[in-house]
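Step one of this worksheet: look at the structure below.
Computed from a predicted structure; not experimentally measured. Within every chain, numbering begins at 1; the chains are lettered A, B, ... in the order of the sequence lines, protein sequences first and strands thereafter.
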Amino acid sequence: MIEIKDLHKSYQMGSNSLHVLKGINLSVEDGELVAIMGSSGSGKSTLLNILGMLDNADSGEYILDGVPIKNLSETKAAQYRNKFLGFIFQSFNLINYKNALENVALPLYYQRMPRKQRQEKSLKYLEQVGLKDWAHHLPSELSGGQKQRVAIARAMAAEPKVLLADELTGALDSVTSYEIMELIQKINDQGNTILVVTHEDDIAHMCKRIVYLKDGVIEKDEKIEQVRVESHVQ
Amino acid sequence: MKQLFDRDTWIEIFQSIRKNKLRTFLTMIGVFIGIYIYIGLSGASKGLDNGFERQFKSVARNSIFVWAQSTSMPYSGFKIGRQIQLKLPDVEALKKQVPEIMAIAPRNVRGVFGSNPGLITRGLKSGNYSVFGDFPEFTKIASKKIYDGGRFINDDDIEQERKVCVIGERTQKELFDEDEDPLGGYITIDEINFQVVGVHKFVPNSPFDNDSDIYIPFTTYRKLYNTGDNLAWFAIAAYDDADVVKVEEDIKATLRRIHRVDPRDERAIGSFNLGEIFKRIFGFSAGLTFLSLIVGAATILAGVIGIGNILLISVKERTKELGVRRAMGATPGEIKNQIIIESLVLTMLAGIIGIIAGAGTLRLIDSLTQGGDFPYTNPTVPIPYVLGSLFLMVVLGILIGLIPAQRAVSIRPIDALREE
């Protein structure tokens, strides 16, 4: 699903150049649930941004579902993002004047899906995250966990190839975090490929594979015994 | 373009406009006032135009009135202070010398300019009224509305020196009983019997009309008052395309020559040029229209710039939202269009409300000034002007929307998302 070869990225900070990614090689199969771990400054967010086509690599190869991602125009990048990727953010990033249903429908709107169909589909995904009854509530009327569920429903609504989650539990308490991870595991069980960037060990261990990033290189990449949230909490 | 007719686009736009009602409202005020001023002022100037036109509609636009006074310079052996007397043969000379003259009517009068009015009697009733000696040509300069069945003085009256007269509404009321038909009836003017052939309608607010004037044929007047070829003044109408100031000068020069007045003597021949006054009035209202155009356009421009300004702030505030939208697959073009349409909607909405308010105000002023002496009638703004101003707003709205739109897409989505 994802093929990355020798990826480099550096930032220009005034006269200094900051080499953030120093040759990343990563291959993610269909249906994997991968945690990318690392301390701050390790380059994990940069990697995720490049994976999300929000940022461009300096050199190296990135192939997503057989499509080489290179030198995209903004318009093309937008279309690929819409087609291939679903984003889940730490701070949810819901649009505050749109209700839950409208937020979920947003990627579908940019797919030019007819309104009726859009709403049906959005409602289906809201139901899947257990928020069908909250469809017409504004984000300000939802709890943090509920907001993140809406965000997850939104990321899934466009039926992307890969879900990219950036510290998705970072703004939530541990009980809610586990609930969200339970949802992530459930979605992964359905065969969706998910990449989770986190610096929390327990969250990482709820995935099936952990990639440790340190100073711009992959330090360790191992498949692990997945901790199921159901067993963990009780 | 497809985006423009998409219902979802409009829902998106109204959602984001509704998000900040007060700011939207304040933003729109600038454009609203601009178009309001434009509609209000240009409508008012049109109203003034119409008002003057109505007041002077009984008089030819290019009319000039010429009379004689005493000389202020000695000339060719004559002393200073000689009283000049206009004569009937002057008419032919003027027609020959000044081809721009469309109609010329010599007039005589008793009862104005210090002379005694005629004593009019009918049976036991009597009164003093102004008596005019007129030619039929006079109606070409100042139209006279005659009540049904009657007529004005005609050529036969002149030729045969008939003793007929046209009386005013008030004269009729004072000399005839209410149920009496004045036409065919007789009145005496300074002890001579005259048959009434017409009653002229009084036009209110007109500067050259009186409801008691009596008109008789010029030739009859001459006989009655023994005035010979003398006449009091000329009423002259020039052709529409003539330059009235030049015509006036030519007429006066000709009269000076005939009556042997120094060509430099400005006093000997007096005149009143209504055409020139008209020109000034219409020049004034044209100036007012022009002013309203300038002020309105400038205010609209200022208002539209205000809208652009607010949208810039709004784009800044929504940086993160726009970043999210782009992460969700919105193309830069879609983001841009949305902001331009937003700008357009705000501009047009403000403009249309301004036009409605302006039209309402014009209507209100119109109803308040109805029937008064104030020369103000039917203030309107021509539809092409309204459409033109709307078009201007569309263009300005789009142009000004381009700035925040460009700003919105110039931020990379990743930076937009990072924004807190």
Give a yes or no on this: more than 12 heavy atoms of other residues, nucleotides or ligands lie within 6.0 Å of atom NZ of Lys5(A). no
For Ala330(B) and Ala78(A), work out which heavy atoms get closest and say how close. O-CB, 3.4 Å
Under 4.5 Å between any side-chain heavy atoms of Val324(B) and Arg154(A), yes or no? yes
With side-chain contact (heavy atoms from CB on, under 4.5 Å) as the criterion, how do Glu321(B) and Asn96(A) come out once you've worked through the C-alpha distance, each side chain's angles and the decisive distance to 0.1 Å? CA-CA 9 Å; Glu321(B) 178 202 321; Asn96(A) 56 19; 5.8 Å; no
Counting only heavy atoms not in Lys121(A), do more than 12 fall under 6.0 Å of its NZ? yes
To the nearest 0.5 Å, what is the distance between OG1 on Thr331(B) and CD on Glu74(A)? 10.0 Å
Phe89(A), CZ atom: more than 12 neighbouring heavy atoms under 6.0 Å: yes
Is it the case that atom CZ in Arg363(B) sees more than 12 heavy atoms from other parts of the structure closer than 6.0 Å? no
Non-hydrogen side-chain atoms of Asn93(A) and Lys320(B) separated by less than 4.5 Å: yes
Locate the shortest heavy-atom distance separating Tyr110(A) from Gly329(B); write the atom from each residue and the value. CB-O, 3.8 Å
Donor-acceptor under 3.5 Å (Arg81(A) side chain, Arg326(B) main chain): yes
Can you check side-chain contact (heavy atoms from CB on, under 4.5 Å) on Arg325(B) and Ile95(A), steps first, answer last? CA-CA 9 Å; Arg325(B) 282 174 182 274; Ile95(A) 293 174; 4.0 Å; yes
Over 12 non-hydrogen atoms of neighbours within 6.0 angstrom of CZ in Phe391(B): no
Relative to chain A, which segment of Arg412(B) carries a heavy atom at a distance below 4.5 Å: side chain, backbone, both, or neither? side chain
Which region of Gln111(A), side chain (C-beta onward) or backbone (N, CA, C, O), has a non-hydrogen atom less than 4.5 Å from a non-hydrogen atom of chain B, or is it both or neither? neither
Write out, in numerical order, the residues from residues 42-65 of chain A with a heavy atom short of 4.5 Å from a heavy atom in chain B. Asn49(A), Leu54(A), Asp55(A)
Answer yes or no: is there an ion pair linking Glu334(B) with Arg112(A), defined by an N-O contact shorter than 4.0 Å? yes
